[in-house]
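Worksheet: the structure to be examined is printed underneath.
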Amino acid sequence: MTASIGIWARGDATGEQVLYRWEADQVSGFVTFEVAARRFRPADGNGRPIGDLLFDAGTGDANGTAAGVDRRLFSQVVGAILRGYARAGQATATAHAHYY
């Protein structure tokens with residue numbers, strides 16, 4: 001079975017914090033990426049955090065909770081954004097992921 005996640009920056013991808021919209025298998029959501037700190041949080045469409053779930057790419061730790069957030073899918077979205085960041089050296093406008 002194949003699956004994909006579409007991920008798009010909403011607005012300017014060159015800011016200190018980038019809001020990404022993602023879609024996967026009829027589910028969608030948002031994450032914020034604090035670029036300098038390399039931290040991610042699930043968010044609403046306005047960039048406000050949902051709960052206190054935080055993924056810190058510097059340590060590789062995910063801590064906290066966020067009601068209604070699928071942690072596995074959150075981790076996949078974070079991973080896709082980090083891969084784009086690693087390739088480009090900066091936050092990217094898109095970070096789509098495909099799984100086989």
Side-chain angles (χ1 to χ4, degrees):
M1 181 177 123
T2 62
S4 63
I5 304 172
I7 304 168
W8 304 267
R10 295 206 43 201
D12 184 8
T14 63
E16 293 179 17
Q17 179 171 292
V18 181
L19 177 64
Y20 284 95
R21 174 176 168 69
W22 59 266
E23 294 179 5
D25 194 28
Q26 300 180 356
V27 180
S28 63
F30 298 89
V31 298
T32 57
F33 175 30
E34 299 168 24
V35 180
R38 295 188 314 142
R39 291 188 302 227
F40 295 84
R41 299 174 192 276
D44 66 15
N46 293 311
R48 288 186 297 265
I50 297 172
D52 64 354
L53 179 57
L54 170 71
F55 178 82
D56 185 331
T59 64
D61 293 329
N63 295 300
T65 61
V69 173
D70 180 329
R71 284 181 77 114
R72 181 174 169 266
L73 189 51
F74 173 69
S75 295
Q76 290 174 325
V77 170
V78 166
I81 295 169
L82 280 173
R83 282 190 296 278
Y85 176 81
R87 282 191 302 270
Q90 62 187 27
T92 58
T94 62
H96 308 309
H98 304 278
Y99 299 93
Y100 301 93

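Residue numbers count from 1 along this sequence. Because only heavy atoms are used, hydrogens play no part in the values below, and waters and symmetry mates are left out as well, while side chains stay in.
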Can you list everything that forms a side-chain hydrogen bond (donor to acceptor under 3.5 Å, both in side chains) with T94? Sequence neighbours excluded, please.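 With neighbours one apart ignored, the set is empty.
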side-chain hydrogen bond (donor to acceptor under 3.5 Å, both in side chains) partners for D12, two or more places apart: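 Here the qualifying residues are T14.
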Minimum heavy-atom distance [X]-[Y], with the two atoms named:
X   : Y   : answer
T32 : G47 : CG2-O, 3.6 Å
A80 : A95 : CB-O, 3.3 Å
S28 : E23 : CB-CG, 3.9 Å
A13 : A91 : O-CB, 3.4 Å

Taking only residues two or more places apart in sequence, or in another chain, which ones meet F33 in a ring pair (Phe, Tyr, Trp, His ring centres under 6.0 Å)?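 With sequence neighbours excluded, F33 shows a ring pair (Phe, Tyr, Trp, His ring centres under 6.0 Å) to F40, Y85, given in chain and number order.
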Side-chain touch L73/I5, heavy atoms, less than 4.5 angstrom: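 With C-beta onward as the side chain, the pair touches.
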Before giving the answer on side-chain contact (heavy atoms from CB on, under 4.5 Å), spell out for Q76 and W22 the whole-Å C-alpha distance, their side-chain angles and the decisive distance to 0.1 Å. CA-CA 11 Å; Q76 290 174 325; W22 59 266; over 6 Å; no
Spacing of W8 atom CH2 and Y20 atom OH [to the nearest 0.5 Å]: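 That separation rounds to 13.0 Å.
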Taking atom CG of L82 and atom CZ of R87, what is their separation to the nearest 0.5 Å?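 Between L82 CG and R87 CZ, I get 11.0 Å after rounding to 0.5 Å.
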Pairing residues for R83 by the salt bridge (Lys or Arg N to Asp or Glu O under 4.0 Å) criterion, not counting sequence neighbours: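 Salt bridge (Lys or Arg N to Asp or Glu O under 4.0 Å) check on R83 returns nothing, list empty.
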Tell me, which pairs form a side chain to side chain donor-acceptor pair (under 3.5 Å) where one or both residues lie in residues 33-62, sequence neighbours left out?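 Of all non-adjacent pairs touching residues 33-62, those that pass side chain to side chain donor-acceptor pair (under 3.5 Å) are E34-R39, E34-R41, D44-R48, T59-D61.
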Does [X] belong to the same Ile/Leu/Val/Met/Phe/Trp/Tyr cluster as [Y], with side-chain heavy atoms less than 4.5 Å apart forming each link?
X   : Y   : value
V35 : I7  : yes
V77 : V27 : yes
I81 : F74 : yes
L54 : I50 : no

Of all residues at least two apart in sequence or in a different chain, which pass the side-chain contact (heavy atoms from CB on, under 4.5 Å) check with R71?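 Result, side-chain contact (heavy atoms from CB on, under 4.5 Å) vs R71: L53, A62.
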